[in-house]
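Below is one structure; the comments refer to it alone.
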Amino acid sequence: MQQDLNIANKLSAGIYIHIPYCKRKCTYCNFHFSTNLKTLEEMNKAICDEIEIRKVEAKSYSIQSIYLGGGTPSLLSGSALEKIMATIYDHYHVKSDCEITLEANPDDIDPLKLNTWLQLGINRLSIGIQSFHEEDLGWMNRSHTAEQAKACLIEVKSAGYQNFTIDLMYGLPASSKEKLQFNLDQLLTFQVPHFSAYALTPEERTALIHLYKTGNLKPPEDIHTVKQMYQILDFCEGTAYEAYEISNFAKPGFRSRHNSSYWKGLPYLGFGPSAHSYDGVIRRWNIANNNLYIQNISIEQAYSEREVLSDVDHFNEYILLNLRRVEGLNLKHIQLTFAPFYAQFLKDIQVQLDRKDILFDGTSYILSRQGRTQADRISAEMFAVKQKC
């Protein structure tokens with residue numbers, strides 16, 4: 001009872017663990033990972049060591065969410081995951097109702113793994129499906145098939161998982177209204193409680209950029225991507241899904257607790273190469289190099305960098321993150337918390353109101369339907385120090 005009371009009095013925080021390995025490199029991906037699995041065991045030890053090393057940072061936190069991302073965490077063995085979870089529970093105050101999410105690829109999911117994950121306390125899965133069309137998965141260089149995407153959802157539900165989410169992509173080359181609708185219909189067929197939908201974005205140093213530049217893949221027009229975003233919003237309005245963030249949609253009671261904590265500016269600890277951490281004042285990030293991360297952890301050398309956020313940084317992050325949320329920008333919060341920027345904010349927000357990109361409900365400023373398609377540009381225009389969008 002006393003332990004529960006102590007945890008209740010602590011500040012809620014999240015843990016993110018980056019597992020930097022994949023079977024293959026997806027065409028569009030620019031995240032930090034390696035397809036060389038030889039150092040996977042060493043990496044697992046290094047991550048556990050970092051978790052233990054940094055326990056002092058979290059003495060005032062109670063952990064409300066744990067997220068294993070990547071990369072592909074579903075590549076880890078049951079014993080490797082058990083070691084990570086045990087290390088967290090040994091050194092951190094974890095809430096009894098902690099949301100624990102594991103990112104998984106459909107081809108990694110089977111009844112044995114699902115049972116193991118449940119026994120380890122993993123109570124939420126994030127499944128990287130992206131598309132239910134074989135041709136899309138082909139040029140994306142995904143490691144699963146369309147049939148595996150459907151089969152894994154049946155297995156997930158049969159194993160007893162009630163809380164899970166899937167990733168979908170829209171604005172794809174050669175996509176159509178009908179193809180997107182088929183993908184959306186699968187959410188209803190398999191009773192998916194939460195999904196994320198991301199517009200395909202060409203990033204530098206990816207195979208997608210090369211395909212576009214060489215003419216081997218024709219990029220969709222911007223208007224095509226906008227129409228597909230509207231199609232997703234129309235789908236949600238006709239079903240039980242709430243568009244609670246630009247790219248995230250949930251049935252009642254199934255919002256992502258972990259991601260929501262990011263958007264709300266709550267503290268989080270990131271472990272593993274390239275993982276970020278934030279304590280409300282300082283942002284730190286680990287080196288994005290697997291071998292160097294493992295080496296520096298083992299010899300107790302620096303493996304991260306950090307910066308102290310300025311008042312401008314805090315204001316800009318509030319704009320960037322909260323404008324994406326359905327709750328929007330709270331006028332009173334800005335007036336009380338960011339007083340030096342308040343007058344300029346009122347001028348900048350009026351421009352967006354005049355454009356009808358933002359609406360005001362008497363309390364908060366929220367993106368309009370058309371504004372959702374321009375969120376990054378609008379945020380950049382609202383920053384205290386203007387940045388190029």
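Computed over heavy atoms, backbone and side chain alike; hydrogens, waters and symmetry mates excluded.
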query: Between Thr39, Asn36, Thr35, which is the residue that forms a side-chain hydrogen bond (donor to acceptor under 3.5 Å, both in side chains) with Tyr21?
result: Thr39
query: Do the ring planes of Phe338 and Phe315 sit parallel (below 30°), tilted (30 to 60°) or perpendicular (above 60°)?
result: perpendicular
- prompt: Is there a donor-acceptor pair closer than 3.5 Å between any side-chain N or O of Thr27 and the backbone N or O of Trp139?
  reply: yes
message: Keeping Asn296 on the side-chain end and Gln301 on the backbone end, is there a donor-acceptor pair under 3.5 Å?
response: no
- prompt: Just by distance, with hydrogens left out, do Asp348 and Gln352 show a side-chain donor and acceptor under 3.5 Å apart?
  reply: no
field: Parallel, tilted or perpendicular: ring planes of Tyr278 versus His314, cut at 30 and 60 degrees
entry: tilted
query: Donor-acceptor pair, His194 side chain versus Asn163 backbone, under 3.5 Å?
result: no
task: For this output row, return yes or no: ring centroids of His258 and Tyr262 closer than 6.0 angstrom.
output: yes
Aromatic contact, His18 with Phe33 (centres under 6.0 Å): no
statement: When Asn105, Asp107, Thr72 are each screened for side-chain hydrogen bond (donor to acceptor under 3.5 Å, both in side chains) with Lys23, the one that passes is Asp107
- prompt: Apart from Val281 itself, what residues make up its hydrophobic cluster when side-chain heavy atoms of I, L, V, M, F, W and Y under 4.5 Å apart count as a link, directly or indirectly?
  reply: Ile282, Val308
message: Filter on salt bridge (Lys or Arg N to Asp or Glu O under 4.0 Å), then keep only pairs touching residues 204-233, sequence neighbours left out; what's left?
response: none
message: Aromatic contact between Phe345 and Tyr365, with the criterion being ring centroids under 6.0 Å apart: yes or no?
response: yes
message: Less than 4.5 Å apart, side chain to side chain, heavy atoms only: is that true for Asn330 and Thr363?
response: yes
message: Taking CD in Glu307 as the centre, count heavy atoms belonging to other residues, nucleotides or ligands within less than 6.0 Å. Is the count above 12?
response: yes
message: Are there over 12 heavy-atom neighbours, none belonging to Glu41, within less than 6.0 Å of that residue's CD?
response: no
- line: In short, ring pair (Phe, Tyr, Trp, His ring centres under 6.0 Å) pairs touching residues 205-242 with sequence neighbours left out are Phe195-Tyr241, Phe235-Tyr241
query: With sequence neighbours excluded, what pairs up with Glu242 under the side chain to side chain donor-acceptor pair (under 3.5 Å) test?
result: Arg255
message: Counting neighbours of CD on Gln162 that are heavy atoms of other residues, nucleotides or ligands and sit closer than 6.0 Å, is the number greater than 12?
response: no
Counterpart residues, side chain to side chain donor-acceptor pair (under 3.5 Å), relative to Gln186 (two or more places apart): none
Residues forming a side-chain contact (heavy atoms from CB on, under 4.5 Å) with Gln119, sequence neighbours excluded: Asn115
